[in-house]
Trainee: 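First the structure, which I've put down as structure tokens, then a few questions once you've had a look.
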Amino acid sequence: MTLMMVAVLSVGMTACGSDGDDDNKGGNDGFDFPKDKLYGTWQISEVKLSESAKDYVAWPYDETTISFKSDGTFSGAGYFGSGTGTYIAKGKTITTYVQNNVYMTYNVLNLDGTTAELKATQATTGNTLWVKCVRK
């Protein structure tokens, strides 16, 4: 499962609102970025292996994506595996869960709606990558 974002996708894949949802699945409570900038599909475009690495390099693996939905669910495909689960976005962190177990944690470094920069850590291995993602 990726991030994005991604991420992204999720990442990582929001502040300012309140919908009364205590665990923040799909809500705005406690996330430092607007949730509407998180929702959607993110694809990893660049990576670096450490925080001290000077530059990002092009993502060398197969297409890796994550999609965050407003109902607190996500789906991912690619380098980190393929499947679905739930997520909680709080502070600058997006935590994804598969079968109620933490799968990936994304520390959001930047999220502007079209690009995201994340520190992605896989729960089972502790492996960390810094990734940049783009909205698909």
Side-chain angles (χ1 to χ4, degrees):
M1 314 280 161
T2 311
L3 148 84
M4 268 343 350
M5 347 236 136
V6 50
V8 38
L9 127 40
S10 312
V11 348
M13 66 262 344
T14 4
C16 306
S18 176
D19 64 6
D21 192 355
D22 289 339
D23 66 5
N24 197 37
K25 290 182 182 175
N28 278 346
D29 297 314
F31 189 49
D32 289 354
F33 303 90
K35 276 275 182 87
D36 63 338
K37 294 184 187 271
L38 173 64
Y39 302 146
T41 300
W42 295 89
Q43 180 177 341
I44 295 179
S45 59
E46 298 177 67
V47 63
K48 65 180 184 175
L49 300 178
S50 72
E51 190 170 20
S52 62
K54 185 176 178 179
D55 297 313
Y56 281 87
V57 297
W59 181 249
Y61 304 106
D62 289 340
E63 179 177 272
T64 300
T65 61
I66 190 167
S67 298
F68 292 103
K69 296 182 181 177
S70 62
D71 66 358
T73 62
F74 79 94
S75 60
Y79 179 77
F80 299 110
S82 296
T84 61
T86 59
Y87 72 92
I88 296 175
K90 187 170 186 169
K92 293 186 184 312
T93 304
I94 303 164
T95 306
T96 61
Y97 299 85
V98 173
Q99 298 179 346
N100 294 319
N101 295 309
V102 174
Y103 189 74
M104 295 283 294
T105 301
Y106 303 97
N107 294 324
V108 181
L109 306 174
N110 181 42
L111 175 65
D112 69 15
T114 58
T115 62
E117 184 177 2
L118 309 162
K119 176 183 171 186
T121 304
Q122 194 167 28
T124 56
T125 64
N127 291 338
T128 298
L129 298 173
W130 285 256
V131 295
K132 288 187 178 180
C133 303
V134 293
R135 184 181 295 278
K136 272 187 89 168

Trainee: Please say yes or no: joined through hydrophobic side-chain contacts below 4.5 Å, possibly via intermediate residues, are Leu109 and Trp42 part of one cluster?
Mentor: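 Different hydrophobic clusters.
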Trainee: Would the Tyr79 and Tyr61 ring centres measure less than 6.0 Å apart?
Mentor: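 Yes.
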Trainee: State, without any angle test, whether Thr114 and Asp112 hold a side-chain donor-acceptor pair at a distance under 3.5 Å.
Mentor: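 A pair is found: one side chain offers a donor N or O, the other an acceptor, under 3.5 Å apart.
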Trainee: Compare all side-chain heavy atoms of Val47 with those of Pro60 and state whether any distance is below 4.5 angstrom.
Mentor: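 Yes, side chains in contact.
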Trainee: What are the two closest heavy atoms between Thr84 and Ser75, and how far apart are they?
Mentor: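 So the minimum-distance heavy-atom pair works out to CG2-CB, 3.8 Å.
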Trainee: Answer yes or no: is there a side-chain heavy-atom contact under 4.5 Å between Thr128 and Lys119?
Mentor: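 SC-SC contact between Thr128 and Lys119 confirmed.
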Trainee: Minimum heavy-atom separation for Thr64 to Asp62, with atom names?
Mentor: OG1-O, 3.0 Å
Trainee: Are Val131 and Leu49 joined in one hydrophobic group, where the rule is that I, L, V, M, F, W and Y side chains link up if heavy atoms are under 4.5 Å apart?
Mentor: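 Yes, because Val131 and Leu49 connect within a single hydrophobic cluster, where side-chain heavy atoms sit under 4.5 Å apart.
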Trainee: Compare every heavy atom of Tyr87 with every heavy atom of Lys69, then report the nearest pair and how far apart it is.
Mentor: O-OH, 2.7 Å
Trainee: Does Gly72 offer a backbone N or O that forms a donor-acceptor pair with the side chain of Thr86 under 3.5 Å?
Mentor: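 Side chain of Thr86 to backbone of Gly72, a donor-acceptor pair under 3.5 Å: no, none is there.
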Trainee: Identify whether Tyr39 and Phe74 are in the same connected component of the hydrophobic contact network (ILVMFWY, side-chain heavy atoms under 4.5 Å).
Mentor: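 Same hydrophobic cluster.
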Trainee: Out of curiosity, does Ile66 fall in the hydrophobic cluster containing Trp130 (side-chain heavy atoms, cut-off under 4.5 Å, transitive links)?
Mentor: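 No, Trp130 and Ile66 fall in different hydrophobic clusters.
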Trainee: Can you give me the closest heavy-atom contact between Ala123 and Val102, atom names plus distance?
Mentor: CB-O, 3.3 Å
Trainee: From Leu111 CG over to Glu117 CD, what is the distance, rounded to the nearest 0.5 angstrom?
Mentor: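 Rounded to the nearest 0.5 Å, the CG-CD separation comes to 11.0 Å.
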Trainee: How close do Arg135 and Asp36 get, counting heavy atoms only, and between which atoms?
Mentor: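 Looking at all heavy atoms of both residues, the closest pair is NH2-O, 3.9 Å.
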Trainee: What about Leu129 and Tyr103, same hydrophobic cluster or not, with Ile/Leu/Val/Met/Phe/Trp/Tyr joined at side-chain heavy-atom distances under 4.5 Å?
Mentor: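 Yes, same cluster.
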Trainee: Please work out whether the ring planes of Trp59 and Phe80 are parallel, tilted or perpendicular, with thresholds of 30° and 60°.
Mentor: tilted
Trainee: Would you compute the distance between atom OG1 of Thr96 and atom CE of Met104 and round it to the nearest 0.5 angstrom?
Mentor: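 One gets 6.5 Å once the value is rounded to the nearest 0.5 Å.
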Trainee: Closest approach of Gly126 and Thr121, non-hydrogen atoms and distance?
Mentor: O-CG2, 3.9 Å
Trainee: Kindly indicate whether the side chain of Glu63, heavy atoms from C-beta on, has any atom under 4.5 Å from the side chain of Gln43.
Mentor: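 When only atoms from C-beta onward are counted, Gln43 and Glu63 do touch, with a gap below 4.5 Å.
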